[in-house]
Amino acid sequence: MSDITKKRPPAVQILIFGVLALWMILAAFPFLWTLWGSFKVEGDFFSKADWFYALSGTLTQNETGSSFTADGYEGAWIKEEFWRAALNSVLVCIFVVTISLTFGTLGGYALARSTYRYAFWFLIAALIFRAMPPITLVSGYLPVFFGWNLWGHLATCIIVLVAINQPFTLWMLHSFFKNIPQDLDESAMVDGCTRFQAFRHVIIPVMWPGVITTGLFSFLLAYNDFAVTAMILSKENQTMVPKIASFLGTTQTKGNVMFAVAAVVSATAPLFVMVMVFQRQIVSGLTAGAVKG
Amino acid sequence: MKHKAFFLFVLPSSVAMLLFIFFPIISVVVQSFYVSHEQVIVTVENCGPFGCKQATAIDQEATAALREAEPLGKFAGLATYRDRNHLAVDAVGSAWEKADNWRDFGAQMLNLPFYKALGFTLTFTFVVTPLVIIFGFVIAVAVNSAASAIRGPLIFFSLLPMMITPLIGSLILFWMVDARGIIGSALQYLAGNPDLSVKASTPLMWIMLMVYGVWHAAPFAFIVYYAGLQTVNKDTLEASRIDGANRWEQIRYVIIPHLLPLTTFIALMQLMDNFRVFEPIVSFAANAHATSLSWAIYNDLGGETRQLSSAAATSVLTIIGVAILLSPVLVRTWRDFGRK
């Protein structure tokens with residue numbers, strides 16, 4: 001659209017620039033501000049005297065002798081054992097993503113290739129399940145998990161998150177598999193492959209772009225979940241997000257809100273890296289369902 | 001694809017969804033009709049040197065045995081639904097009789113926990129969804145007109161508010177609007193009131209929660225619209241320009257109709273997601289001013305006494321709400337499918 005750009009009057013140009021500048025500030029500033037503030041003491045991050053202290057770190061200088069301090073990080077990671085929560089998050093994410101994708105590729109492939117009516121209704125059922133707020137399901141899990149002693153374990157949480165993930169994973173992979181030409185696996189079957197062999201040797205080698213994109217979103221769901229992890233994990237097994245929520249209860253009273261700030265920054269960093277590396281895949285994933293209708 | 005192959009391929013995900021989505025829904029519905037057993041009380045006579053006294057005590061064994069025998073609890077029918085924490089039939093009835101006008105009636109309704117949560121959830125859903133669509137569209141048009149060299153970084157920063165964990169994103173904003181935080185101080189300065197605190201005011205808290213909702217979801221609408229803008233038919237745009245359409249008319253008559261199907265998609269996803277608003281209320285510690293249906297369930301389930309029946313009843317009411325929201329889409333899909 002370069003021809004339009006040249007003809008654009010200055011008023012419109014300024015308007016566009018204004019919108020973009022404002023949006024960039026809204027989108028990025030809170031993160032930068034919190035990152036900067038996480039290296040200060042509480043008196044600077046929540047500055048009663050003068051908001052400029054948060055930038056200059058006056059009180060941080062007085063209390064620690066330098067204008068940056070890693071006390072918040074030390075307190076969160078070592079004293080409050082945030083490393084344990086981080087480790088749990090890593091475990092949960094790895095298993096949820098692997099299992100979701102295994103189940104999802106099998107199911108999504110079948111849904112994309114079946115021409116029967118029930119495949120359509122299967123997808124509609126998945127859409128309805130997708131609409132259920134996860135917390136409504138939790139009240140169904142708790143009595144059973146307590147009764148059978150399943151409550152509190154990482155494995156329980158993983159399988160629950162996999163199940164909650166399935167509707168979305170199926171929809172997404174289904175639309176990716178639709179784009180892989182049907183002739184590909186059908187010609188393999190003409191050559192004598194079974195359906196599974198065709199899937200194994202023909203489809204799996206070409207499906208990775210779709211699987212990576214879907215995996216990113218499974219990861220996000222597992223990483224970001226609060227409703228399920230907060231309710232069905234015991235205190236020792238907590239992942240990062242419920243751990244941060246529990247900081248709020250304890251640290252606010254102890255005056256160590258900076259632990260929570262440091263933990264928040266630590267939990268955000270991997271997401272930053274992920275968005276930076278996989279930006280293209282995320283954008284294509286978000287639009288996959290929409291553009292095709 | 002053959003029936004048997006299809007069945008085997010979808011087996012793992014069907015089992016997972018049946019066990020952990022479908023059965024829990026059934027179990028929640030059943031649970032909502034039961035209440036937990038009361039403790040078994042026995043009267044015992046304590047005889048001491050000064051005569052005998054009657055005392056009541058809890059018979060732990062009998063209570064445990066009863067709970068063991070009927071783990072679901074006592075059948076209560078719709079009692080949980082009718083009580084004060086849910087539909088509050090009696091309270092609504094008396095409020096209806098006593099209230100002089102609509103305003104009064106509304107105020108009384110918002111004192112009831114369920115209606116308070118429902119009121120906020122619906123307001124949030126129907127305020128945030130249109131705003132997300134509008135802001136997403138504006139940002140998409142602006143980014144699309146930017147030089148292509150800076151579009152990559154623009155998209156990167158735009159994605160952040162959406163990718164961030166909702167609990168964490170809302171915490172970050174909450175710390176900034178704290179009376180001692182940067183936005184909080186700025187608001188105090190602008191309002192000329194040094195005691196202004198978002199935490200203490202219900203209307204401000206509602207506004208903050210919705211601002212967070214829009215901030216968090218606008219990138220989603222932006223990305224979808226941005227992808228849609230890449231597929232606008234250039235010839236149509238060119239033709240409209242030759243026919244004398246100005247910039248606004250091009251947007252109004254070419255671009256917006258092109259993006260309309262995407263709007264349906266965004267609206268559907270946003271209605272589903274905003275209806276479950278939950279994390280910001282925890283982060284903002286907003287429950288004194290605003291609660292949502294999801295938060296009400298969380299509140300029942302957490303804490304010392306897990307009120308399973310109460311949570312189950314709220315869950316069922318929430319699911320009914322989701323069903324009502326989704327029904328237009330389902331009806332349309334049904335019709336489309338019938339036509340095929």
Side-chain angles (χ1 to χ4, degrees), chain A residues 12 16 19-20 23-24 26-28 30-31 33-34 46-48 51 54 103-104 106-107 109-110 113-114 120 124 129 131-133 135-143 147 160 162-163 166 170 195 220 224 226-227 231 241 244-245 264 267-268 271 275-276 279 282-283 286-287 290-291 293, chain B residues 1 5-6 9-10 12-13 16-17 20-21 24-25 27-28 138-139 142 145-146 155-161 163-168 171-173 176 178 180-182 185 215 223-224 227-228 247 261-262 265 272 276 278-279 282 294 297-298 301 308 311-312 315 318-319 322 326 333 337:
Chain A
V12 177
I16 289 171
V19 168
L20 285 178
W23 169 241
M24 279 303 107
L26 286 177
F31 297 104
W33 179 259
T34 311
F46 293 109
S47 188
K48 261 191 202 129
W51 69 269
F103 288 9
L106 290 170
Y109 172 70
R113 288 295 182 261
S114 176
F120 172 79
I124 293 296
F129 289 157
M132 296 290 151
I135 189 95
T136 59
L137 303 173
V138 172
S139 39
Y141 300 143
L142 286 183
V160 165
V162 165
Q166 272 309 296
L170 283 176
R195 182 53 89 165
L220 274 178
N224 288 348
F226 174 65
M231 295 315 304
V241 179
I244 290 171
V264 156
T268 313
L271 290 176
V275 176
M276 219 178 278
Q279 184 174 333
I282 293 170
V283 172
L286 284 172
T287 51
V291 180
Chain B
M1 198 167 193
F6 178 83
F9 269 96
V10 296
S13 37
M17 289 199 291
F20 291 99
I21 301 181
I25 294 175
S27 132
V28 163
V138 170
I139 300 166
S145 340
I155 293 175
F156 169 74
F157 285 111
S158 303
L159 281 173
L160 292 178
M163 290 298 162
I164 186 91
T165 315
L167 186 96
I168 291 179
L171 264 180
I172 289 177
L173 287 199
M176 292 173 77
D178 187 283
R180 296 160 297 163
I182 180 165
S185 313
W215 180 76
I223 288 293
V224 174
R247 228 160 264 282
L262 299 182
F265 168 75
M272 291 199 293
R276 57 171 78 155
F278 165 49
E279 283 102 335
V282 176
S294 294
I297 302 171
Y298 171 79
L301 289 175
L308 291 174
S315 299
T318 309
I319 292 173
V322 171
L326 268 186
T333 322
F337 191 69

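Naming: A, B, ... by sequence-line order, numbering from 1 per chain. For the numbers below, each heavy atom of this structure counts, side chains included, while hydrogens, waters and symmetry mates do not. Quick caveat: nothing in here was measured; it's all calculated off a predicted structure.
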Would the F278(B) and F226(A) ring centres measure less than 6.0 Å apart?
yes
Are V264(A) and I172(B) close enough that some pair of their side-chain heavy atoms sits under 4.5 Å apart?
yes
Taking C-beta and beyond as the side chain, do I135(A) and R276(B) meet within less than 4.5 Å on heavy atoms?
no
How would you list, by chain and number, every residue that makes a side-chain hydrogen bond (donor to acceptor under 3.5 Å, both in side chains) with T165(B), sequence neighbours excluded?
N224(A)
Could you give the distance from OG1 (T136(A)) to CD1 (I25(B)), rounded to the nearest 0.5 Å?
6.5 Å
Can you list the residues that meet the side-chain hydrogen bond (donor to acceptor under 3.5 Å, both in side chains) rule with W23(A), with sequence neighbours excluded?
S158(B)
Checking L167(B) against chain A: side chain, backbone, both or neither under 4.5 Å from a heavy atom?
side chain
Work out which heavy atom in M176(B) is nearest to a heavy atom in W33(A); give both atom names and the distance.
CG-CD1, 3.8 Å
Do you know the tightest heavy-atom contact between F157(B) and M24(A)?
CB-SD, 3.6 Å
Residue pair T268(A) / I164(B), side-chain heavy-atom distance below 4.5 Å:
yes
Under 4.5 Å from any heavy atom of chain A, what part of L171(B) do you find: side chain, backbone, both or neither?
side chain
Closest non-hydrogen atom pair between A163(A) and M17(B), with its separation:
O-CG, 4.3 Å
Any side-chain heavy-atom pair from P30(A) and L173(B) closer than 4.5 angstrom?
yes
Under 4.5 Å from a heavy atom of chain B, the part of M132(A) involved
both
Any heavy-atom pair between the side chains of R195(A) and F9(B) that's under 4.5 Å?
yes
